[in-house]
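Taking it in order: structure first as structure tokens, then the write-up.
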Amino acid sequence: MPEVDYQVGIDIGGTFTDVVLSATDGSSPFTAKTLTTALDPVEGVMNGLVSVLAQAGIRPQNVVRAVHATTLATNLILEKRGARVALVTTAGFGDIFQLGRNTRRGGEIYNVRYQRPQPLIPREMVVEVAERVAADGDVLVPLDGHGDLLARLRSLQPEAIAVSLLHSYLNPAHEQQVLALLNREMPGVYAVASAEIWPEAGEYERAVAAVVSAYVGPTFSSYARRLSSELASRGIPARLEIMASSGGVMPAEQIAQRAVYSIESGPAAGVIAARSLGQACAIGELISFDMGGTTAKASVIRQGEPAVTHEFRIGTDVNGAGMAGEIVRIPVIDLAEVGAGGGSIAWVDRGGMLQVGPRSAGASPGPACYGLGGQEPTVTDADVVLGYLSPDNPLGGHLAIDPAASRRVIEDKVARPLGLPVPDAAQAIHDLVNAKMGAAIRMVTIRRGIDPKDYTAVGFGGAGPAHIARVAQQFGIPAVIIPPSPGVRSAFGLLVSDLAFDFITTNLMDVATADPEVVELVFAKMEEQGLEALRMAGLAEAAFRLNRTVDVRILRQRHAIPVPVSAGVPGRQVIEEADARFRENYFTLFGIKPTEPCQLLNFRVRASGSPDKPAIARQAPRANAADQARKAAREAFFADAGGYVATAVYDRALLRAGDSFQGPAIVEEGDASTVCPPGYTAVVDPFLNLRIVQARLSPTGPAV
Amino acid sequence: MTSPIRRELLRNALETVADEVGAVAARNAFSPYVNQRSNIATAFFTADARLIAQTRGGEFHCSALRVGLRYLLQQTPGAEMSEGDVFLLNDHFRGGIHPTDVMVLRPVFVDGALLFFHGSLMIVSDLGGISAAGLPGNATECFHEGVLFPGVRLFRAGEPCADIFRTITVNSRTPERVLGDVNAMVAAGHVAVTRFRELARQYGPETLLSLVDELIAYAERMARAAIEAIPDGSYQGSYLVEDDGIVPDKSYRVRVRVDVAGSDILVDLTGTDGQARGAVNSSYSQSLSGVMHALRYYLGPDVPMNEGLYNPVTTVFPLGSIVNPRFPAACNIRIGAVQAIIDSIWQGLSVVYPDMAQAPGGTPHSLIAAGQWPDSGDPWVLLTPHFGPGGARSTMDGVDCDPGAMFSGLQGAYGASLEVLEAEYPLRHEYFRVWADSGGPGRWRGGAALTKAVTFLVPADLTTRVVDRCRIPPAGLAGGRPGRGGGWIINEGRADEWRPRPKETNLPAAAGTTVTMFVSGGGGWGDPFEREAELVVRDVSDGFVTVEGARNDYGLVIDPVTGAVDDSPRRNRVKAGDS
């Protein structure tokens, strides 16, 4: 029997660690969901890995690619467990974190007991060094010697050091000198320079990126090393790769040097999974919607590519709830996050208004229906009362559901205070959380000048499949897709990811006077670095891709818009393209055609390459035999069908390509429950995705 | 679907739309005040000018939109408006704030019927007047602050009114920028109209209007319940505006009486001093924003901000006073008066809510500079505002380097990126620091402020504009000491060092001139000698208090190297007090 290569995706989330093992031919993948072992995440990973290897019955030697997404960096930040960091800044500018750029948001404005977040690092950990580079890159004050810099740093006993000097994005010489000194004189200490992480103008944001990298870097890199060696010791030959917030994957040892890049790694993997689904189904315009227990994330894929932004806040959501974090400027998939999910708690405020969240029952005590001590009604409880989740399909196979408990808490805490029947109260909770989910979608579509009606929504995560059709309905999105194994979909995304390296050069020039040769040089230098990084990662040259972007703005306006430009063309053409595309995009976004002269601000390059990925298995459609997968019928509540109606329940494991059925229907599988509302039709496509499509109004039947 | 649920869904939709519209305007703006952060007010109204919803940021401007729309409707009734009309209003005797705070108001028609209004307000780059950026410290009449537009059509039925655009252009030092700012608000208005039509389609116009009424009634119910909880009575407070920058050392007192009866509140400013010659007057709408801001802490910050919050509140702003001046008063430095209103209301209500009390904080300090680029001769205008921090609370310290009172939620103390400023203007920062010891000493310390030094590389006209609270710094309460009063130093540490007055306008400065700004710190709360030594030690290591400050203000001798504390000076003081 010929040896088959396998690839493994490992996604560590707050509650569960998901592991997916797939053969290169894409045939039936193996999945495992194990509890995340917070103290030592490697343990949870190994548990999952052992499970999938055993299921597949293969030898570890056959695993040729291992890609990983982890919340480790985010957790270190949120739990304040990072390294003791010292920061080296230009003399006179050591107080930037004391001064802070954070602003109060939402409810914080009128909170008389507001406490601002602690500065990123304590003031005593900041060391100023005499040097100064001007805004044109000239050296005003040379870094002559370094005085007592080393002595002062040593006395602080840092575990990591961030160096962030003024205007280093233009002239990194001083930062590099300090870094070289630290590497020579304090070799055991993890040290990073801001311009190496992300060389863009903005002293505060660059320092944040450097400090965050230093803060999570030592733990992150030792974790990556340990996981790598653990994989090796189990006989797995693959080099560990880790997904970056940009949706590209980097070799573990490289991302460990700029650990801030790993922050949104899990959510990015979900979007990459949605992109791959779109490629298989030949759908270029998708909304990726990932709804779990405590948060939901929405993102947009246009022409097959996820939208990437260059600014995000750590640990916040679109409603401004949650921790008001620092802004980090690195490439990140444009995700909008709302702090609401299956575990969000519903309550009635003192004015008699129903609210959902921001509090969540989390994994413990969890929704009331799990009987783990939860006494507050959650979104999951509402879904149980509505009949969308069933006691016969315990989630994850082990959490039994008690519908009576759900009904009781909804009656006590919502229905009675609002004077509503219990099912109506449950429907209200369901609708309201869907409205909140809508805010996330609105953020990444309408706010960006995108009409969601032209998009198909992909729903995954534990709670996504039960909500996505209704969420999409708010926007007039007619079709949604639920991939197989929606609960571990992000781990699949890892298997279909590309390696990618991002670069930026800030170089302000007016379009009218921009020098084409300078533009060519700027791009050439970054592209050379990118290709070198891909070669180092061991990829074949044939698989390399270069993407160029220029940030353009109207002369004297502050806000710039990144626009893509062609690679491999003369500088003059790049400048013209940038200018023309900017004007088009501006019109799309704001409805005004700018006539003013424009400026080029930043030049960006993404160098990416595709390793071998599992093929996407395809099943030949059979004549509709959905009835064979029908396992039961139960009452489920649909307000637009007049209340509780008999609803068919299908077993997803038994559905085959070509099967189809009408809503109302519910499809159950191990890790999720999909709702196909009345007026919708579900079809199983050749990739075993469930496609749920709103029936058009037809003369024969009123659809809603 | 039941109506309370639809109402809540609509509330979510309205807030999302208001924030979206605000973000669109801010992203397109040219004014340096605006385009770093969302410092813009945008609001929706019913056809009869009742507030439906507004942005969460820029709230301290929102009453202006409501009052301005009412003036506009008196002058141009809705029946005379057509679809695509857009109006411009900045007249602070007709709802405005001061000339460079410009409103763009427009009717929203749905199927031919005028159902709503939308308005945006933001500070524009320059509209003339005696100094760049429309914030002259030495203005004595509105004409010194810019051109007034009393509610004129900017667009008629969708067509730009070229006359008005030309008028704006010739009256600005930075015509392109100011047009860009106005266009940003127009663009935001387009988005608002689209979204409202979508909502009207989704709900049906009649249902939408009745849900809006319900939402307003809901907010009123919440607000009235909160007022009921305040014991009936008359609560008084007062605070000073230090001077108007024109008449030396003459200060102005704002007096407020808050009468609570059942579920109604009367805020009466009768007894407030007469209007000033200088620009420290606050227009009617600006004073109203101050009152609503102060009350909102007590009426429930989570109540949706709409007409329902205004309904239980009655206000009296005596005409001809510093809080409602007569034509042609100048008003651009009004924030001192507005913060005085807020501090007075808080002071009054602290009797019933002692745990919500807080000491007064600093006001905005702005370094404004203008000049020409040496190579092109093109003008440049720089405006860098830094908002003052709040005072200490009765239960905890003030928030360091975080804008107090009505500016909370706006940009932090930091302001614009230093590297970006240096790349775009002919200047260099010498330092950018916490101003140690600026927070008023107390059992709870007032918020600390910042100091920065900027050198101009070319000749410039400098306006050192401090709103208020330098000479008479933010007061301490309950035995706390005042914050340290800020100010300016030119060429600090050089032979030609000098200190301009806090409201100096258009000082000619040679290339190489260094300007140092000190922002006033917030007032303290309670006896500083009762502050826990541990907190003082932490303040010293955080750089908010110096070793000298610890000794002089808190009676603690701290060894700067070891951090060891000797509190004998404190004991000495107590003994001295005993004897």
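In what follows, chains carry the letters A, B, and so on, assigned in the order in which the sequence lines appear, proteins first and then strands, with residues in each chain numbered from 1. These numbers come from the heavy atoms of this one structure, side chains and all, not from hydrogens, waters or symmetry mates.
- The backbone N or O of B:His429 lies less than 3.5 Å from a partner atom in the side chain of B:Glu422, making a donor-acceptor pair.
- For chain B, the nearby part of A:Leu140 is the side chain; its heavy atoms alone come within less than 4.5 Å.
- For an aromatic pair to be called close, the ring centres must be under 6.0 Å apart, and B:Trp346 with B:Tyr297 satisfies this.
- Only the backbone of B:Glu430 comes within contact range of chain A, with at least one heavy atom under 4.5 Å from a heavy atom of that chain.
- Counting all heavy atoms, side chain and backbone alike, A:Lys436 lies closest to A:Val356 at CE-O, 3.0 Å.
- B:Arg224 has no carboxylate O lying under 4.0 Å from a charged side-chain N of B:Glu228, or vice versa, which leaves the two without a salt bridge.
- Interface remark: of the candidates B:Met222, B:Met356, B:Arg221, B:Glu198, B:Met222 forms the most heavy-atom pairs closer than 4.5 Å to chain A.
- Using a 4.5 Å cut-off between heavy atoms, B:Met396 contacts chain A through its side chain alone, with no backbone atom that close.
- Among B:Leu418, B:Val399, B:Thr174, B:Val303, the residue with the largest count of heavy-atom pairs under 4.5 Å with chain A is B:Leu418.
- Of all heavy-atom pairs spanning A:Leu600 and A:Val552, the tightest one is CD2-CG2, 3.9 Å.
- Of the two parts of B:Leu457, neither the backbone nor the side chain holds a non-hydrogen atom closer than 4.5 Å to a non-hydrogen atom of chain A.
- Proximity to chain B is absent for every atom of A:Asp136, based on heavy atoms less than 4.5 angstrom apart.
- Remark: A:Leu418 CG to A:Asp424 CG distance equals 10.5 Å, nearest 0.5 Å.
- Heavy atoms of B:Thr395 lying under 4.5 Å from chain A belong exclusively to its side chain.
- For B:Phe432, the parts sitting under 4.5 Å from any heavy atom of chain A are the backbone and the side chain alike.
- Taken to the nearest 0.5 Å, the CZ atom of A:Phe97 stands 6.0 Å off from the CD1 atom of A:Ile121.
- Both the backbone and the side chain of B:Arg433 come within less than 4.5 Å of a heavy atom of chain A.
- Residue A:Arg132 touches chain B through its side chain alone, counting heavy-atom pairs closer than 4.5 Å.
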Would B:Gln358 and B:Arg393 count as a side-chain hydrogen bond (donor to acceptor under 3.5 Å, both in side chains) here? Give the steps.
CA-CA 4 Å; B:Gln358 67 177 292; B:Arg393 279 84 55 99; 5.4 Å; no
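- Between the side chain of B:Asp400 and the backbone N or O of B:Ala448, at least one donor-acceptor pair lies under 3.5 Å.
- Ring-centre distance between A:Tyr204 and B:Tyr414: below the 6.0 Å cut-off.
- The greatest number of non-hydrogen atom pairs below 4.5 Å with chain B, out of A:Glu124, A:Gln98, A:Arg123, A:Gln427, is found for A:Gln98.
- Heavy atoms closer than 4.5 Å to chain A are found in both the backbone and the side chain of B:Val434.
- Heavy atoms of B:Asp355 lying under 4.5 Å from chain A belong to its backbone as well as its side chain.
- Contact count against chain A (heavy-atom pairs under 4.5 Å) is highest for B:Tyr218 among B:Phe544, B:Trp380, B:Tyr218.
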